[in-house]
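Bear in mind the structure is a predicted one, so any value in this text is a computation, not a measurement. Note on naming: letters A, B, ... go to the chains in the order of the sequence lines (proteins, then strands), and numbering restarts at 1 for each one.
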Amino acid sequence: MFELKKVEKTFPNVRALKAIDFHIERGEIVGLVGENGAGKSTLMKVIYGAYQHDGGEVLINGKPVRFENPRQAMDKGVGMVFQEQSLIGNLTVMENIFLGFERQFVKFGIVDWKKMAAAARHQLAKVKLSIDPKMVTSKLSFAQRQLVELAKVLTLEERVHGDLVILLDEPTSVLAKEEVQLLFKLVRELRSRASFIFVSHRLDEVLELSDRVYVMKDGEVVDHVKTSVATAESIQHKMVGRDINKEYYREEKQLSYDPAKVLVELDAISLPGKYQDISLTLHAGEVLTLVGTEGSGREAIIRTIFGMQKPQSGSVTVKGRKITTYSADAAVANGIGYIPRERKIEGIVAGMSVYENLTLSQMGRYSRFGFLRIGDEKALAREWIKKLSVKASSEYADCGNLSGGNQQKVVLAKWRSGGSDIILLDHPTRGLDIGAKEDVYEMVRAMSADGVGVILIADTLEEAIGLSHTIAVIKDGEIQKRFDGKPGHKPSLFDLIHYMI
Amino acid sequence: MSFPDRDVLHRWAPLLVLVALVCFFSLVNPNFMSLRNFARIGISATPPLMVAVGVTFIIIMGSIDLSMEGAVAVCAVVFAAIFIWLGGTLASWAWLALPACIVVGALYGLLNGLVHVKLRIPSFMASLSMGFVGIGLSLLMTGGDRIRVEDKIFRSLLTERYLGFPLMVHVALLVILIAWFIQSRTAIGRNFYAVGGGEELAHASGLDVKRVRVLGFMLAGVFYALGALFAVAQIGIAETATGYNFMFVSITSVVVGGTALWGGNGGVWNTLVGVLIVNVINNGMIVMGLPRYLQDGVLGLLVILAVVLSTDRKSLAFVK
Amino acid sequence: MTLEKLKKHFPWITLLTLVVFVGALDSNFLRPENLLQLAGDISTLFVMALGITFVIYLGGIDLSAQSVANMTTVLATLMLPIFGASTAVICVLIGALFGFVSGFVSTKLKVPSFIATLAVGGIALSVGQFASGQRALYMDAVLRDQSFSWLTGNIGGIPREMIIALVLLVGALILERRTTIGRAFKAIGAGELAAVASGLRVGRYKMAAFAISGAFAATAGLLFAVKLSGGSPEMANGFLLPAIVAVLVGGTPLTGGVGGVLNTLIGALIVAVIRTSMLYLEIPATAQQIFFGVVLIAAIAFTIDRGKVRTVK
């Protein structure tokens, strides 16, 4: 009923979608999986009208259509359930639900709030959510917001004649296990009214919910299988193009660390709402991995070590000295480097060249009386471009135009070249392709060999197990369990997950 | 007693600042607390209030409008010219000048919005340029002269008093109620908040953001026109300088009232409080007998203090 | 060359187009002495705009520049008999102090810079009015020539004022391109969060930008006072908006991170050409403002690189 035929989308320099064939039938739930950068989000944007395809055809019941904007897609019954952050926080639930479609409640330009509230309650009933539609959305929980999003898209039912196609973009990422089950139950019930495209990086959930799965890689659909016959391993295999388990667990490459030299010591630090009573020790050459779900407090812990957050109680000791002022510049002065998850926002400065980014944290070392020694900066940049084989045209290349993996290398080089010996890595491989990930692993091992202490928040559990000497499992801001991850004694995935959730 | 919720505290902070200021000036000089003086504050606050309410809608959208000086000048001059041409008194067909003025304000705002949205020029620059155009237009029309509007009926906005306050204050309160109605009860009013709260999301939800923006600027233009009418009623003269100083006063008032420049919050009542804070400070300094030359500086200090006390800046990491 | 690459050249293409266009209508406009005078007339405004560039580059705005310049004309006139040539240094320091206060209020007290600088401008205005006794003051001609002869007259037909402006431009350019402060400004303007996460003391740099802006505004005021041989708290009125316009038209958008002081030179020249062209095109005085506004819209519409301005608000 809804179909894509040989759909293409090209951006300057990138062919983001290559001859995509895709179809979905009435009442079907179709999964869409792929690694970051595989083209999932571009495909979704084409489907709900945020992007326009520039090749191939989009067909509804066999008739070609073209959506110039999301509104036109909605008029044809295609709606998008965004991740929970996409409700406008300063508006009420009902205003969000009917945003852009208030006209039905407006008489002579005046909104009939009672009528809108009643209509909103009707929509909320569809998703079994009983909240006051006059509530401001910023006061809702994540799960509630996700359901409001769904309710908002379900208003299409009343507006559009014909079939509905609803995209669910990572709807479970912030939900607890029970909430996920409730959502799935709801989606199954709603398939009498709509077809669903379910996009998620959680393969088990995709397999549980969907009838069929499309697997994307490098802008192409590489496989398309019925879930009744598919296994998680086979899909994973297709997603990454090769067997994943070999990459991790390179135990033979892992060196042991020096337990005598303590770099960072956290003594019972607490920050209400983020983490409680965290005590950890990082040694020279050690890779310490914090494992936990999204929002378990891992990020706040490393931001505390970097001085961007201040614990309410407890103390942080870096190289034997107790921290008194919590600020990023003090942390940098102590030899701490931070590689944030939001690489493009916090990691590199887009618009600045490689050499400018490299010395940003150590300008004092590359200047005299406040004047930069640009020649030295460039030499440094050339050296590190070579050392880490950064794919950049030269040291003048704009970091914003580098690929994710190369940006990550620049950020790493920034800290390493400055002599930082405590490196905090937050999802360093997020959004990177396999090759680039392997490079990052190699760099982590190299740092460890150099006696650098690394605290890692890994993207996947396999990554965590493979790279770390020590693993701390964190749940709801507290350390649940510590594992020794030395070669030969690695915990299993199951061990970790058991304590995570 | 539990400590009040921070949200609640922030909502009422501007009003508390206003009350504190009134108390302070009353203590310094008891004459401050008199109906006559309050009426004086009311008169001086009315034209900037109209302008500030207009720009409030723009600021809620996260945009800025700096064209008000030009808009007020054009509206005032067009009004006066038509008014004089049609007979010079409200008792004749000259009353048509009133709606004409409003229409001119709306058109001016429409043009402003179109320049901003269609040419995709940031509102700061688009409206600044349109402000120059407006000032120029009024200069062209008047040739730099003043137009006197001496009609007794029109001036009764200033001279007629009910309950101690001139008619214009009552009319202004009525306009505020209408503005509040627009803000809270109409679709377009709520759409301003949607655009300010999350433009991209609003667009993705199917809201025609461009249309909302243009309408916002048009609506602001209508309020500027009202501001122009009150300004002319106040001094009986329409000229290019009628618009003078409205820009900084109105935007300062909006911010002091607690509406954030990055959009999405605040509203008409905040602006009313903000305008009153600024005018109470101005009036209070005069009543205290502060030398004229010190008033700009003291106003500056107090405005900083008022913003610090009355706005929620903690939730924002970066203030531009 | 692709459009993408062409975009960053838009500002000077706009300038050149304007010059050629006006020149085609009246070839007198292109005479060197005329062009020189055009550039000379804009010097003071340009100096003020140079300072404001740094603040806008960081995503803020400085509305206090005009009041600081006004105040400086008064203070310079009053101080000349006492301090002689060192008046210049004192004035620049006072300007920097006012800028620093704006920066403090905006970064530490988190008051939007629009309001913070407006308020500090009010304070500067009061100081100017108080110090001058609300009168226009005049400099003693002998004293002026003793201390500030290096600011007046011509060298080889080029007005000294213009030379000073060019020296300041070079200084600002070095500051922007060759110093740690300039590099930090660039990082903060283009990616404030990354700058924070690199351990830069962003707050201090922001305050420094405001202080630099204040110092340049004071320099502009000083140039004024010497040129007109006196001071008054209203002398520089009407300069603020054209100075901001010069920055914006040059291609440093309000969102910051793009552009720089060279752009402001081009922007200031565009403003100068538009203004001067009105004389050549015989635009009546009453219509000049409209003309200025309309050409400005056209110039901005053509100049700004929308690809780099994230949202058009």
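Between B/Leu119 atom CG and C/Ile300 atom CD1 the span is 10.5 Å, to the nearest 0.5 Å. Once rounded to the nearest 0.5 Å, the distance linking OG of C/Ser106 with CD1 of B/Ile304 reads 10.0 Å. Note that CG of C/Leu241 is 8.0 Å distant from CG of B/Leu66, once rounded to the nearest 0.5 Å. Within the model, atoms CG of B/Leu294 and OG of C/Ser126 stand 5.5 Å from one another, a figure rounded to the nearest 0.5 Å. With rounding to the nearest 0.5 angstrom, the CD1 atom of C/Ile297 is 7.0 Å from the CG atom of B/Leu111.
When each of B/Leu140, B/Leu301, B/Val117 is checked for heavy-atom pairs under 4.5 Å with chain C, B/Leu140 comes out on top. Across B/Gly300, B/Gly297, B/Ala260, the residue that shares the most heavy-atom pairs under 4.5 angstrom with chain C is B/Gly297. In terms of heavy-atom pairs under 4.5 Å with chain C, the best-connected choice from B/Ile135, B/Leu137, B/Val298, B/Val303 is B/Leu137. For the set C/Val295, C/Ile115, C/Ile244, C/Val120, the entry with the most heavy-atom pairs within less than 4.5 Å of chain B is C/Ile115.
Proximity to chain B is limited to the side chain of C/Phe292, based on heavy atoms less than 4.5 angstrom apart. Neither the backbone nor the side chain of C/Val55 comes within less than 4.5 Å of any heavy atom in chain B.
By the 4.5 Å heavy-atom criterion applied to side chains, B/Phe124 and C/Leu248 are counted as neighbours.
When all heavy atoms are compared, the tightest approach of C/Thr286 to B/Gly143 is CG2-CA, 3.9 Å. B/Leu261 approaches C/Pro112 most closely through the heavy-atom pair CD1-CB, 3.7 Å. Across every non-hydrogen atom of B/Ser129 and C/Leu296, the tightest pair is OG-CD2, 3.6 Å. Considering all non-hydrogen atoms of both residues, B/Val133 and C/Val294 come closest at CG2-N, 3.8 Å. C/Pro253 and B/Met125 get closest at one heavy-atom pair: CA-CE, 4.5 Å. A pairwise comparison of heavy atoms in C/Gln129 and B/Arg292 identifies OE1-O, 4.3 Å as the closest pair.
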Derivation and outcome, side chain to side chain contact (heavy atoms under 4.5 Å, CB included), residues C/Leu125 and B/Tyr293: CA-CA 8 Å; C/Leu125 186 59; B/Tyr293 58 81; over 6 Å; no
Might you work through the side chain to side chain contact (heavy atoms under 4.5 Å, CB included) test for C/Val111 and B/Val308, ending with a clear yes or no? CA-CA 7 Å; C/Val111 175; B/Val308 169; 3.7 Å; yes
Begin with the C-alpha distance, continue with both residues' side-chain angles, and end with the deciding distance and a verdict on side chain to side chain contact (heavy atoms under 4.5 Å, CB included) for B/Thr252 and C/Phe114. CA-CA 9 Å; B/Thr252 304; C/Phe114 190 100; 5.6 Å; no
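Heavy atoms from other residues, nucleotides or ligands lying under 6.0 Å from CZ of C/Phe130 number 12 at most.
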